[in-house]
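These figures come from a predicted structure and were not determined experimentally. Heads up: numbering here begins at 1 and tracks the sequence. Order of appearance sets the numbers: ligands from 1, and atoms from 1 within every ligand.
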Amino acid sequence: METNPLAPDNHGPTVCIGEILVEIVATDVGTGFLDAQPLVGPYPSGAPAIFIDQCGRIGGSAAMIGAVGNDDFGRVNVDRLLRDGVDISAISIDPEYPTGSAFVRYRPDGSRDFVFNIAKSAAARISWTDAVKKLIERSGHLHIMGSALSMPSAVEVIDRAVGIIKSRGGTVSVDPNIRKELKLDGATERRFANLISMADLLLPSGEELERAAGVEGEEAAIRRLFELGVKEIVLKRGADGASYFSHERERIDVPAFDVQEVDPTGAGDCFGGAYLACRRLGMPPEQALTYGAAAGARNVTMRGPMEGAGSREELELFISSIGRRG
Ligand code: ATP
Ligand code: MG
């Protein structure tokens with residue numbers, strides 16, 4: 001029997017801290033936004049928000065810390081999270097700044113052009129409020145995105161939250177979410193390394209594994225991460241599926257579901273939200289991987305970053321009706 005390294009669901013909600021955005025998507029493939037063109041949106045978005053939405057939707061206890069403006073883009077997000085069972089008590093409404101946004105257009109080669117309004121929007125104005133404190137003091141798990149390290153206000157809240165949650169027996173998961181090439185300044189690099197060493201569960205994708213370990217080669221990176229204290233690693237490989245590693249037992253590889261990709265954004269976050277919720281609800285890794293893979297695959301079949309996040313029933317229907325790749 002493997003021991004579950006994550007605090008159980010009934011120990012308190014999984015909390016995610018970070019940017020809440022709307023996404024507006026160009027419906028035509030092409031380059032950039034220099035010409036008037038058809039757009040569709042607003043869709044609720046922001047990697048941490050996608051993660052926690054899927055976590056709540058599948059039935060995990062879930063809560064979000066972030067900020068939106070007092071506008072319809074903010075309401076789109078808060079309403080969606082609420083609908084999907086996420087505790088929104090610690091989302092603040094900024095009286096001055098608008099909700100963050102991202103315009104995205106896909107190029108024919110699959111790369112993307114963006115116009116962002118995040119750093120100077122409500123999304124980046126997270127703070128340690130009474131509501132945040134109350135929530136953290138009853139939380140069982142914290143999920144951190146490496147990308148949050150670029151938001152000073154989020155870093156501050158995460159630093160305080162980690163200590164409190166760990167001291168009450170809660171656990172931490174980290175999605176490194178930092179491209180291999182990305183050079184961080186010395187202080188941020190140390191923060192990143194510190195974040196990795198605090199993780200009970202790590203959810204890297206592709207080369208982020210080696211980036212997080214600071215070591216080349218998959219096996220060596222896994223070994224290094226276990227030495228650092230990480231207990232469970234799930235490596236996401238896009239359409240090639242995912243692999244589970246634990247210091248206690250054999251690795252498990254799962255193929256992806258065979259779907260037609262419409263919009264790849266949010267796959268990793270939906271995978272992670274579903275996997276984490278399932279593990280905290282007591283499922284063994286094999287089963288949590290199946291739900292995670294289904295959540296990631298289902299989400300890429302729909303346009304919009306969290307439109308395909310599935311309830312437990314929706315994912316079970318998906319699992320029983322969609323085949324696996326190769
Ligand atoms: P993101 O692009 O959101 O940052 P990521 O790179 O963190 O995502 P991926 O590996 O792309 O994560 O996707 C996570 C999981 O979702 C995969 O392990 C896989 O199970 C599923 N998935 C992603 N893309 C596809 C696809 N095209 N077809 C089937 N399943 C997919
Ligand atoms: Mg991906």
Whether F51 and H143 hold their rings parallel, tilted or perpendicular, with breakpoints at 30° and 60°: parallel

D200 bridged to R279 by N-O distance under 4.0 Å: no

Minimum non-hydrogen distance to atom 19 (C) of ligand 1, winning option of A274, A295, G238: G238

Enumerated ligand 1 atoms positioned under 4.0 Å from heavy atoms of G241: 17 (C), 18 (O)

Location of contacts on S205 toward ligand 1, heavy atoms closer than 4.0 Å: side chain

Short N or O distance, G266 and ligand 1, threshold 3.5 Å exclusive: yes

Proximal atoms of ligand 1 relative to A242 (non-hydrogen, under 4.0 Å): 18 (O)

Residues forming a side-chain hydrogen bond (donor to acceptor under 3.5 Å, both in side chains) with R57, sequence neighbours excluded: D84, E314

Residues which pass side-chain hydrogen bond (donor to acceptor under 3.5 Å, both in side chains) with R160, listed by chain and number, not counting sequence neighbours: none

Under 4.0 Å to a heavy atom of V259 - the qualifying atoms of ligand 1, by number: 28 (N), 29 (C)

N/O separation below 3.5 Å, E261 to ligand 1: yes

Y97 six-ring face occupied by R125 cation (under 6.0 Å, within 45°): yes

Per atom 12 (O) of ligand 1, closest listed option by heavy atom (P305, G268, A297): G268

Lys/Arg N to Asp/Glu carboxylate O, R112 vs E23, below 4.0 Å: no

Sub-4.0 Å atoms of ligand 1 with respect to non-hydrogen atoms of A256: 29 (C), 30 (N)

R211 to I178 - nearest heavy-atom pair and separation: CG-O, 4.0 Å

NZ/NE/NH1/NH2 to OD/OE distance under 4.0 Å, E316 and R312: yes

Closest non-hydrogen atom pair between R251 and S243, with its separation: NH2-OG, 3.6 Å

Residue-ligand contact E208/ligand 1, heavy atom below 4.0 Å: no

Ligand 1 N/O within reach of G296 N/O, cut-off under 3.5 Å: no

Min N/O separation D269 to ligand 1 under 3.5 Å: no

Heavy-atom nearest option to atom 29 (C) of ligand 1, drawn from Y275, F271, F257: F257

For A293, atoms of ligand 1 separated by under 4.0 Å from a heavy atom: 20 (O)

K236 N/O to ligand 1 N/O under 3.5 Å: yes

Nearest non-hydrogen partners of T99 and G74, listed with the distance: OG1-N, 3.0 Å

Contacting atoms of ligand 1, where contact means under 4.0 angstrom from a heavy atom of R325: 28 (N)

Side chain, backbone, both or neither: R237 near ligand 1, heavy atoms under 4.0 Å: backbone

Check: T290 and R324 side chains under 4.5 Å, non-hydrogen atoms: yes

